[in-house]
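Each remark here refers to the structure printed beneath this line.
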Number of protein chains: 2
Amino acid sequence: MQSFTEENYLKVIYHLAEKTETVQTNAIAEQIQTKPASVTDMIKKLAEKGLVDYIKYQGVSLTEKGKSAAIDIVRKHRLWEVFLVDKLNFKWDEVHDVAEELEHIKSVSLIERLDEFLGFPKSDPHGDPIPDKHGRFAKTQFIKLIDLKIGDSGTITGVSQHSSAFLKHLEKLGLTLGKQIQITDVTDFDGSVEILSSDKQINISREVAKHILISSNGKI
Amino acid sequence: MQSFTEENYLKVIYHLAEKTETVQTNAIAEQIQTKPASVTDMIKKLAEKGLVDYIKYQGVSLTEKGKSAAIDIVRKHRLWEVFLVDKLNFKWDEVHDVAEELEHIKSVSLIERLDEFLGFPKSDPHGDPIPDKHGRFAKTQFIKLIDLKIGDSGTITGVSQHSSAFLKHLEKLGLTLGKQIQITDVTDFDGSVEILSSDKQINISREVAKHILISSNGKI
DNA sequence: TAAAATTTTTAGATTTACCTAAAAATTAAA
DNA sequence: TTTAATTTTTAGGTAAATCTAAAAATTTTA
Ligand SMILES: [Mn+2]
Ligand SMILES: [Mn+2]
Ligand SMILES: [Mn+2]
Ligand SMILES: [Mn+2]
């Protein structure tokens, strides 16, 4: 059984490992909002417990045991987010912080029953996949909107930024999950992207386009 | 803002104060499952924060501020219990421990929306009243089953013991909330109580009878 | 490839919530 | 009303998760 703090470390290491094979002390410190010295201490403890592989100065990676613990927390986080949006009418930009707390509630039957109550959802309000109780989930094949070419079209199926500011912005633009979009132009000047969505022309910045994930269906 | 631990102390003091005006160090220690010396430490801290009134060796009592914080935790605990039973199909004997964790989730809007989602319930699965968001609730007027006389009847509206063992036992006897009962006899030998419920004669021990709460409707 | 910059670790403290053992105060009994 | 029992507090310490400052290792730059 892991402490609240240990669980947060495992989850952060898991997410960072999606980008780089082995995870750096500083990167963890930044995510956890703590100092590198504290991270080193905790990493040693997690290594003792067999949750991470750790070689001094070489970074850290999750063991199978650590990975499965991390996925379990991610599962809980995403299920609670679905609950908050589907049942309690939270907006998609309001759920993350509460889910950060709820994900640490320790009860296997609670999560299994919640999963059932929600109808075994496959993805959370941000399009992220929800692992099943065995930790299995489909690795989703997303393309960043920024990487599409003029004329390409697809469906918004995820976001790679969960900040309230970003999500509220998308909401205002009408760019929510499930929306069909087509790239109509890319501005030379600032690289902003012109898209067609719900019969409206919208201009979004490169920064926004980077964090919208599309499941492409090629040309219309 | 209180810590997880401070919240538990406030809640325990609140419940103990329902019996005795001022609460003893040892009583708190027993509830929290800790040592009296630790309780003294924490009481000092709570007094510093203005949450309890404390005079050395004289016991402790909640200030208005402390009381309202405690009631807020009780409200959360009971709302989560309703959620678990009504929405996730937990039994009434399975919810307490999970609610002990959920009650510490800090989000005002979460609880307000949960309350609404549940239809603003007035009592929890054990018959205990749920305070509204201002901390107000009706002081319920219960009589212990053990205090009824032969011939008296009433409705089971609460229990004063929340252990799983006790609740499972009641379930097996069919003595759940809302059931009509009538006292038919009291055994001289062991003081056990003979009752009529759902057209069946049941014998319950004094110990059980002490913890069943009845809203009496006099003679039938 | 040697110096500089960056990253990571160690050393030594701090805070929170505990503990044990012993002293002090209160309450009950003789 | 003194003694005994009980309750409560103090004194001194531990473990978990932090921190700052400084040392060590690695990586980058020149
Ligand atoms: Mn989230
Ligand atoms: Mn999410
Ligand atoms: Mn309860
Ligand atoms: Mn209850």
Side-chain angles (χ1 to χ4, degrees), chain A residues 1-17 19-62 66 69-70 73 100-101 103-104 106, chain B residues 1-17 19-62 66 69-70 73 100-101 103-104 106:
Chain A
M1 197 93 299
Q2 287 89 41
S3 75
F4 184 97
T5 309
E6 288 166 348
E7 289 190 347
N8 278 334
Y9 271 84
L10 292 176
K11 191 185 55 169
V12 161
I13 295 168
Y14 175 77
H15 286 309
L16 288 171
K19 281 165 190 167
T20 57
E21 194 61 31
T22 140
V23 177
Q24 303 198 156
T25 304
N26 272 357
I28 298 170
E30 197 194 319
Q31 288 294 310
I32 306 261
Q33 299 261 67
T34 187
K35 304 287 153 163
S38 307
V39 173
T40 302
D41 282 350
M42 181 55 76
I43 281 172
K44 282 182 188 166
K45 191 176 163 190
L46 295 174
E48 287 266 308
K49 291 194 172 191
L51 294 162
V52 299
D53 289 318
Y54 169 57
I55 305 165
K56 263 193 197 177
Y57 292 100
Q58 304 306 166
V60 77
S61 61
L62 294 173
I73 299 157
E100 286 289 302
E101 287 192 63
E103 73 190 6
H104 299 290
K106 284 170 185 43
Chain B
M1 197 91 301
Q2 288 88 41
S3 74
F4 184 97
T5 309
E6 287 166 350
E7 288 189 347
N8 278 334
Y9 271 84
L10 291 175
K11 191 185 54 169
V12 162
I13 295 168
Y14 174 77
H15 286 310
L16 288 170
K19 282 165 189 168
T20 58
E21 194 61 31
T22 140
V23 177
Q24 303 200 131
T25 304
N26 272 357
I28 299 171
E30 198 194 319
Q31 287 295 310
I32 306 262
Q33 299 260 68
T34 186
K35 304 287 153 161
S38 307
V39 173
T40 302
D41 282 350
M42 182 55 76
I43 282 173
K44 282 182 189 165
K45 191 176 165 192
L46 295 174
E48 288 265 310
K49 291 194 172 188
L51 294 162
V52 300
D53 290 319
Y54 169 57
I55 306 165
K56 264 192 196 178
Y57 293 99
Q58 304 305 167
V60 77
S61 61
L62 294 173
I73 299 157
E100 286 289 302
E101 288 191 62
E103 72 190 5
H104 300 289
K106 285 172 183 43

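Residue numbers begin at 1 in each chain, while the letters A, B, ... track the order of the sequences. In this text the structure is predicted, and so the values were computed from the model without any measurement.
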Residues in side-chain contact (heavy atoms from CB on, under 4.5 Å) contact with A:Ala17, at least two apart in sequence or another chain: A:Val23
Distance, nearest 0.5 Å, that separates CG of A:Asn8 from CD of A:Gln33: 11.5 Å
Distance below 4.0 Å between A:Tyr9 side-chain N/O and D:dT18 OP1 or OP2: yes
Whole angstrom value for the distance that separates C1' of D:dT9 from CD of B:Gln58: 13 Å
Phosphate OP1/OP2 of D:dT18 contacted by A:Thr34 side-chain N/O (<4.0 Å): no
Euclidean distance, atom CD1 of residue B:Ile43 to atom P of D:dT7 [Å, nearest integer]: 15 Å
Rounded distance (Å) that lies between atom P of C:dC18 and atom CD of B:Glu6: 10 Å
Whole-Å gap separating P (D:dT27) and OH (A:Tyr57): 11 Å
Over all atoms of both residues, closest heavy-atom pair of B:Thr22 and B:Gln58: OG1-O, 3.1 Å
Residue pairs fulfilling salt bridge (charged side-chain N to carboxylate O under 4.0 Å, His left out) with at least one residue in residues 46-60 of chain A, sequence neighbours excluded: A:Glu6-A:Lys49
Distance in angstrom units between B:Ile55 CD1 and C:dA24 C1', rounded: 18 Å
Interface with DNA chain D, restricted to residues 24-32 of chain B and to heavy atoms under 4.0 Å: B:Gln24, B:Thr25, B:Asn26
Residues forming a side-chain contact (heavy atoms from CB on, under 4.5 Å) with A:Lys44, sequence neighbours excluded: A:Thr40, A:Tyr54
Spacing of A:Lys35 atom NZ relative to C:dT7 atom P, expressed in whole Å: 15 Å
Gap between atom OH of B:Tyr14 and atom CG of B:Leu62 - 0.5 Å precision: 9.0 Å
Touch class at under 4.0 angstrom, heavy-atom based, for A:Thr5 against every strand present: sugar-phosphate
A:Tyr57: side-chain contact (heavy atoms from CB on, under 4.5 Å) partners, not counting sequence neighbours: none
Gap between atom NZ of A:Lys106 and atom CZ of A:Phe4 - 0.5 Å precision: 8.5 Å
Spacing of CG belonging to A:Leu10 relative to OG1 belonging to A:Thr5, to within rounding of 0.5 Å: 11.0 Å
Protein-nucleic acid N or O pairs under 3.5 Å, nucleotides 10-12 of chain D:
{"unit_1": "D:dT10", "atom_1": "OP1", "unit_2": "B:Lys56", "atom_2": "NZ", "d": "2.5"}
{"unit_1": "D:dT10", "atom_1": "OP2", "unit_2": "B:Lys44", "atom_2": "NZ", "d": "2.6"}

Spacing of A:Met42 atom CE relative to C:dT10 atom P, expressed in whole Å: 16 Å
